[in-house]
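Structure record follows, encoded as structure tokens.
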Number of protein chains: 2
Amino acid sequence: MRNCCDMRGFLSFIVLKLICKRNMSGEDIRQELKKRKGSKPSPGTVYPVLKALSESGFIQEVKNGAKEKKYKITKKGKNELKAATRKFCMIFYDMKDEFQKRC
Amino acid sequence: MRNCCDMRGFLSFIVLKLICKRNMSGEDIRQELKKRKGSKPSPGTVYPVLKALSESGFIQEVKNGAKEKKYKITKKGKNELKAATRKFCMIFYDMKDEFQKRC
DNA sequence: GCTTTTATATCGGATATGCGATATTGAAAA
DNA sequence: TTTTCAATATCGCATATCCGATATAAAAGC
């Protein structure tokens with residue numbers, strides 16, 4: 001997640017955040033993003049992100065015998081997410097109020 | 001702000017949000033982003049965004065006689081911001097908690 | 001065993017973003 | 001008036017993103 005929070009490409013950030021909450025597969029992630037965004041990201045969008053996160057050591061495959069690969073976040077990934085979250089909150093500082101209004 | 005919240009390019013979103021809070025110039029915005037991000041975005045980053053927002057009718061130049069151009073948000077810009085904010089909150093739903101922890 | 005379906009993987013390409021460099025403008029200072 | 005400086009403006013470019021298409025693989029159903 002080299003350039004996370006450089007103002008473009010928050011996808012890997014979100015994906016890492018999602019996997020942090022619970023182990024997820026590529027399909028799980030596509031589903032979840034469909035719920036949030038309205039549109040389901042294409043396979044060519046999601047899988048390369050998973051690969052990159054995996055190669056960076058931020059997530060790790062959980063073997064469950066099935067075709068579907070679930071990923072879990074690693075220690076390293078948690079640290080990365082923490083740092084990215086800090087940045088995110090600084091950048092989108094104002095959004096705090098919006099969330100409060102809404103939730 | 002055609003593609004706001006398509007997961008890349010949140011800069012125009014932030015800029016619109018900032019200008020909504022108070023009238024700002026390009027320099028003001030660069031300063032504010034430096035505070036938040038750590039690095040000051042280059043002129044080539046900020047001014048084209050202002051131009052685009054202006055051409056879309058989301059912001060409007062405020063004549064103050066000075067060299068510095070202040071922009072204010074327009075009615076149309078407010079609507080756009082509102083819609084974008086709604087999307088933002090849906091996508092980054094989880095971040096609500098983070099903000100609460102932090103602020 | 002064969003077909004269908006579902007999930008994963010990869011590749012090429014279009015796109016827009018953000019930067020650096022440079023030019024221009026206008027105000028203030030000298 | 002000229003110089004200096006700060007803010008704005010524009011241009012070309014490298015880059016990463018995300019998509020669509022396609023391929024592979026594995027499970028399920030028949």
Side-chain angles (χ1 to χ4, degrees), chain A residues 1-19 23-34 36-56 58-72 84 87 91, chain B residues 1-16 18-19 23-34 36-56 58-72 84 87 91-92:
Chain A
M1 198 165 42
R2 192 148 41 108
N3 277 326
C4 172
C5 294
D6 77 333
M7 207 80 10
R8 92 181 130 168
F10 280 87
L11 183 55
S12 48
F13 174 66
I14 296 180
V15 168
L16 194 54
K17 178 82 185 168
L18 289 177
I19 292 178
N23 295 358
M24 288 181 108
S25 67
E27 258 307 294
D28 292 337
I29 288 163
R30 292 182 68 206
Q31 297 283 342
E32 180 63 31
L33 288 176
K34 179 174 171 47
R36 301 196 182 198
K37 285 213 323 163
S39 63
K40 193 170 176 177
S42 94
T45 298
V46 168
Y47 293 103
V49 167
L50 287 173
K51 194 184 176 198
L53 287 174
S54 184
E55 279 170 359
S56 299
F58 297 148
I59 62 176
Q60 196 173 16
E61 205 176 317
V62 177
K63 45 213 152 300
N64 61 339
K67 172 177 54 163
E68 207 188 39
K69 283 187 190 172
K70 296 267 186 188
Y71 287 93
K72 70 168 184 180
K87 278 195 200 173
I91 293 174
Chain B
M1 197 161 44
R2 190 149 42 109
N3 277 326
C4 172
C5 293
D6 75 337
M7 207 82 7
R8 91 179 131 169
F10 280 87
L11 183 55
S12 47
F13 174 66
I14 297 181
V15 167
L16 194 54
L18 289 177
I19 293 178
N23 295 359
M24 287 180 109
S25 67
E27 258 308 292
D28 292 337
I29 287 163
R30 293 182 67 207
Q31 297 283 340
E32 180 63 31
L33 287 176
K34 179 175 171 46
R36 300 195 183 198
K37 286 214 320 162
S39 63
K40 193 170 175 177
S42 93
T45 298
V46 169
Y47 293 104
V49 167
L50 288 173
K51 193 185 176 194
L53 287 174
S54 183
E55 279 170 359
S56 298
F58 297 148
I59 61 175
Q60 196 173 19
E61 207 176 316
V62 177
K63 43 211 153 305
N64 61 342
K67 172 177 49 163
E68 207 189 38
K69 282 188 190 171
K70 297 268 187 187
Y71 287 92
K72 70 168 183 180
K87 278 196 200 173
I91 293 174
F92 292 105

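Chain naming here is simple, since letters A, B, ... match the order of the sequence lines and numbering starts at 1 in each.
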Report task. In sequence, state the C-alpha distance, the side-chain angles, and the governing distance for A/Leu11 and A/Leu33, and then conclude on side-chain contact (heavy atoms from CB on, under 4.5 Å). Result -> CA-CA 10 Å; A/Leu11 183 55; A/Leu33 288 176; 3.8 Å; yes
Requested in this report: Report the C-alpha separation of B/Val15 and B/Val46 in whole Å, then their side-chain angles, then the decisive distance to 0.1 Å, and conclude whether the side-chain contact (heavy atoms from CB on, under 4.5 Å) test is met.
Outcome: CA-CA 9 Å; B/Val15 167; B/Val46 169; 5.8 Å; no
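Taking atom CD1 on B/Ile91 and atom P on D/dC18, their separation rounds to 11 Å, with Å as the unit. Rounded to whole Å, atom C1' of D/dT17 lies 16 Å from atom CG of B/Leu11. Going from atom CD1 of B/Ile29 over to atom C1' of D/dA6 covers 16 Å, rounded to whole Å. Rounded to whole Å, atom C1' of C/dT17 lies 17 Å from atom CZ of B/Phe13. The NZ atom of B/Lys40 sits 10 Å away from the C1' atom of D/dA7 (whole-angstrom rounding). Counting to the nearest Å, the C1' atom of D/dC18 and the CZ atom of B/Phe10 are 14 Å from each other.
The OH atom of B/Tyr47 sits 6.5 Å away from the OG atom of B/Ser25 when rounded to the nearest 0.5 Å. Remark: A/Leu50 CG to A/Ile59 CD1 distance equals 5.0 Å, nearest 0.5 Å.
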Report task. Summarise how protein sits on nucleotides 5-10 of chain C as a single string, 5' to 3': B when a protein heavy atom is under 4.0 Å from the base, S for sugar-phosphate-only contact, - for no contact. Result -> -BSBBB
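Ion pair A/Lys34/A/Glu27 not flagged as a salt bridge, since none of the NZ, NE, NH1 or NH2 atoms sits closer than 4.0 Å to an Asp/Glu carboxylate oxygen.
Here the shortest heavy-atom pairing between B/Lys70 and B/Asn23 reads CD-O, 4.1 Å.
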